[in-house]
Amino acid sequence: MSPAPVIIAIDGRSGAGKTTLAIELAARLREHHKVSLFHLEDIYPGWNGLAAGIERYASTVLAPLHRGEPAEWVSWDWAAHYDGDTRTTRPAEIVLVEGVGAAAAAARPYLSAVIWADSPEQDRRSRALARDGDSYAPYWEEWAAQEEEWLAVDDVPARADVRVLNLADGAAPAEVLQALQYLPALSTVMLPELAARRGLEVRAERITAAPDPARLFESLYGRSANAVWLDSSLPPDAGAAAERSRFSILADDGGPFGQSVRHAAGSTQVTVGNAAVTTEEPFFRWLDGVWGGRTVHGPEGYPCEFTLGWIGYLGYELKRETGGSDVAAESPDACLLFAGRAVVLDHVDQTVWLLALDTPDAGNWLAAARTAVTGACVSAGVGVEPSESSGPGTGARTGPDFTARDSEVAYKAKISEAQYQIAEGNTYEVCLTTALTAELPAAALDPRQAYLALRRRNPAPFASYLRFGDLTVASTSPERFLRIASDGGMRAEPIKGTRHRDSDPARDAQLRQDLESSPKDRAENIMIVDLLRNDLSHFAVPGSVSVSRLCAIESYATVHQMVSTIDARLRPGMPRAEAVAACFPAGSMTGAPKVSTMAILDRLEGAPRGVYSGAIGYFSLNGATDLAVAIRTLVLRQRAGGGTGLSLGVGGAITADSSPQEEYEEIRTKAFGVLSALGAEFPPG
């Protein structure tokens, strides 16, 4: 008896390209494994025998193979319309079974993974008839009716681990092979494929140039459904924030290794081209499996920590995995794309780095990216953006009409309730938030133009523009949540304390001084510093946690902010995804103590935060990460029926001595930079 094989079913309606997919997938798997292949068309007892064929297949083929025994089964003679000879299918390390019903209910107890292949109906019919000729044509409707009857009671597509739209363009086998590597049930058998993926090298080019980032992004990724722009939009001489403002990263999910992922409420879906794989597991556990090891090194002389990898956002509701309660959000709890190639702008050295995993098409992409860089270099100067007409997203006062989730009276009442919780000893700082929302008709607001307006009005070291299909995130965040360098250095830089900027220099200096000397703001900031010191200590080398900067003032286009810096060193061998989880969500967006305060916030706010209060940034293939807190962040969702929904979260820290009026004015101040860029105002009342 042989060891029990891994059995993978490839199911789908007739003509979906299952046979070709199975043969080509088997060929790829045979590079590292012994593979056996079984076709259900050899066992169906006639054109009306789908149900009987499934029963035969499960009992005479799958059951013995699952035990590691050879399967003897009776074939069907399609010419004689009767039983044919007896055949034997021997077990192997991997057994692929393909055909209509391969993953039927009777078969699933024996299966390690299920792939559902689909294609447009007109393509399926033409493929099936081209494959089997005129012999199939008289039976197409009869066979299709059996498929529909079976699927009406056995929803195999909904139970599939991997779903692929097979367009017969040759891409499906490679996409499915990548998708299979995410399934926990196949993690052991797929180790050779995973090792090959981790052994990739980066091809790189350095160009001395200072292209306009907006033009470059549009040139390279304007037509990409999923694309990201981590945009350090502060000038290189931005004072204390200069270290955070050096690099911008532009990428999409194109190329052989391009992927995107959406996580919601414990379900993670990774899309690889036209294939999608779904796993049921916590997000940070999934992240730990795909990131954290030093699998790729940067090119010589490359100064940035990003060496390709995952880029996107983590939403606030991932707190369900870090001690918070389970709250459902309208938007996915996380959206990331895997960038197997990217453009990195070094704003200090005025250089451009082109990075691509070494694949057969890498040279073509590098050439195209080089051309795009040249085209985005404008003679009029660095950072010049295309002129735009007035209207929404350009700063003119004709923008969206926002509605506040909480009226002024209601928000102040929640402040009072938060102070009651503080007085009761249940918390000592509550980062209370609310949201402004608007609904716009279709085409009333271009998300990209809205972001360009935001970055002009409110440049920030952690600005970002993320596009994931129907969801766009436009952020001008000044706050770093967490950085873990490839060598294990850790840094958090919480912001607590805000004053608006004034056009009068004397008044502006007075506002800055008022913030710097404010006992209340300093107390808020120091509370969060203590919280983050504790968060970092869980995975830090003992004695390495230090506060290198306490309650410093940084000035941005629309606000003065109080910022502190906490440093630490990650203990060798510690899982980096778990180190991120230990700090998530940012303490500056919860209050302290974190877990009990999040429960209070759930009751007070009464609604999910979504992207807002989460984190935006990258998880690099060299083990580095750099994440910003998702504040000053506009979220745009394209509605299924047309139109766009807008959401802007705002909030502030409540302490025992907070003034409700001053706290309300603070959220207006924080919203001003985004609202004014859209030509909108804070809603009255």
Side-chain angles (χ1 to χ4, degrees), residues 261-266 268 281-292 310-329 331-336 429 431 433 462 464 466 473 475 477 479-484 490-496 528-540 545 566 568 570 574-602 605 608-620 623-631 633 649 651 653:
V261 61
R262 291 192 175 206
H263 178 93
T268 302
E281 60 183 328
F283 173 80
F284 286 106
R285 183 184 302 167
W286 175 87
L287 183 63
D288 186 55
V290 301
W291 170 75
W310 296 95
I311 314 176
Y313 79 79
L314 314 183
Y316 177 75
E317 270 65 48
L318 284 176
K319 67 182 175 66
R320 69 170 62 87
E321 299 181 20
T322 62
S325 58
D326 188 355
V327 177
S331 55
D333 294 327
C335 278
L336 302 169
E429 183 174 8
C431 295
T433 76
F462 292 109
S464 56
L466 315 176
V473 178
S475 178
S477 174
E479 182 175 358
R480 171 177 276 145
F481 162 47
L482 178 66
R483 183 187 72 185
I484 304 177
M490 305 171 74
R491 171 167 288 185
E493 295 184 282
I495 290 176
K496 269 288 160 268
I528 299 304
V529 167
D530 284 342
L531 173 61
L532 287 175
R533 288 172 64 227
N534 180 69
D535 286 347
L536 291 174
S537 70
H538 293 301
F539 286 84
V545 180
I566 306 102
L570 184 69
M574 288 294 100
R576 296 190 172 211
E578 292 303 321
V580 174
C583 299
F584 189 88
S588 60
M589 299 306 297
T590 62
K594 183 184 288 188
V595 173
S596 61
T597 305
M598 286 192 293
I600 293 169
L601 287 167
D602 286 341
E605 295 176 358
R609 296 185 182 182
V611 180
Y612 172 63
S613 296
I616 297 172
Y618 66 74
F619 301 94
S620 173
T625 183
D626 204 354
L627 301 168
V629 181
I631 54 176
T633 297

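- In this structure, OG1 on Thr322 lies 9.5 Å from CG on Asp535, to the nearest 0.5 angstrom.
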Checklist entry - Yes or no on ring pair (Phe, Tyr, Trp, His ring centres under 6.0 Å) for Phe619 and Trp291, after CA distance, side-chain angles and deciding distance? => result CA-CA 7 Å; Phe619 301 94; Trp291 170 75; 5.0 Å; yes

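- Looking only at atom types and distance, the side chain of Glu479 has a donor-acceptor partner in the side chain of Ser588 under 3.5 Å away.
- Separation of atoms CE (Met589) and CD1 (Ile528) is listed at 10.0 Å; rounding is to 0.5 Å.
- Within the 4.5 Å cutoff, the side chain of Cys583 has no heavy atoms near those of the His538 side chain.
- Two residues are said to be in side-chain contact when any heavy atoms from C-beta on lie closer than 4.5 Å; Pro575 and Phe539 meet this criterion.
- By the neighbour-count criterion of 12 heavy atoms within 6.0 Å, atom CZ of Arg320 is densely surrounded, having more than that number from other residues, nucleotides or ligands.
- Under the 4.0 Å criterion applied to side-chain N and carboxylate O atoms, Arg285 and Asp288 are not assigned as salt-bridge partners.
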Checklist entry - Would Ser475 and Tyr612 satisfy side chain to side chain contact (heavy atoms under 4.5 Å, CB included), going step by step from the backbone distance to the final call? => result CA-CA 10 Å; Ser475 178; Tyr612 172 63; over 6 Å; no

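- Atoms OG and CG, on Ser325 and Leu601 in that order, are 10.0 Å from each other to the nearest 0.5 Å.
- Classification of Arg262 and Asp333 as a salt-bridged pair fails, no side-chain N sitting under 4.0 Å from a carboxylate O.
- Residues Thr590 and Leu531 form a side-chain contact, since some pair of their non-hydrogen atoms from C-beta on lies under 4.5 Å apart.
- Tested against Phe481 for a side-chain contact (heavy atoms from CB on, under 4.5 Å), the candidates Leu314, Leu627, Thr625 yield a single pass: Leu627.
- The two residues Cys431 and Gly591 have their closest heavy-atom pair at SG-N, 3.5 Å.
- Listed for the Ser477 side chain is a donor-acceptor partner under 3.5 Å among the backbone atoms of Val629.
- By the 4.5 Å heavy-atom criterion applied to side chains, Leu318 and Pro585 are not counted as neighbours.
- In terms of heavy atoms, Tyr313 sits closest to Ser331 at OH-CB, 4.1 Å.
- Between Ala568 and Val545, the closest heavy-atom pair is CB-CG2, 3.8 Å.
- Considering Arg480, Arg483, Arg491 as possible partners of Asp626, the one that fulfils the salt bridge (charged side-chain N to carboxylate O under 4.0 Å, His left out) test is Arg480.
- In terms of modelled atom types and a separation under 3.5 Å, the side chain of Glu317 and the main chain of Gly610 share a donor-acceptor contact.
- In terms of modelled atom types and a separation under 3.5 Å, the side chain of Glu321 and the main chain of Phe284 share a donor-acceptor contact.
- For the pair Leu466 and Gly312, the tightest heavy-atom approach, listed with the atom from each and the gap, is CD1-C, 4.0 Å.
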Checklist entry - Could you go step by step and tell me if Leu532 and Leu482 meet the side chain to side chain contact (heavy atoms under 4.5 Å, CB included) rule? => result CA-CA 10 Å; Leu532 287 175; Leu482 178 66; over 6 Å; no

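- Here the closest heavy-atom approach between residue Gly623 and residue Arg576 is recorded as O-NH1, 2.6 Å.
- A salt bridge is absent between Asp326 and Lys319; no separation between the charged side-chain nitrogens and carboxylate oxygens falls under 4.0 Å.
- For Thr268, the side chain to side chain donor-acceptor pair (under 3.5 Å) partners at least two apart in sequence or on another chain are His263.
- With a 4.5 Å cut-off on side-chain heavy atoms, Ile566 and Met490 do not count as touching.
- Annotation: side chain of Tyr316 is not in contact with side chain of Thr433 (no heavy-atom distance under 4.5 Å).
- Atom NZ of Lys594 sits about 6.5 Å away from atom CE of Met598, to the nearest 0.5 Å.
- Note: Tyr618 OH to Ile311 CD1 = 9.5 Å, rounded to the nearest 0.5 Å.
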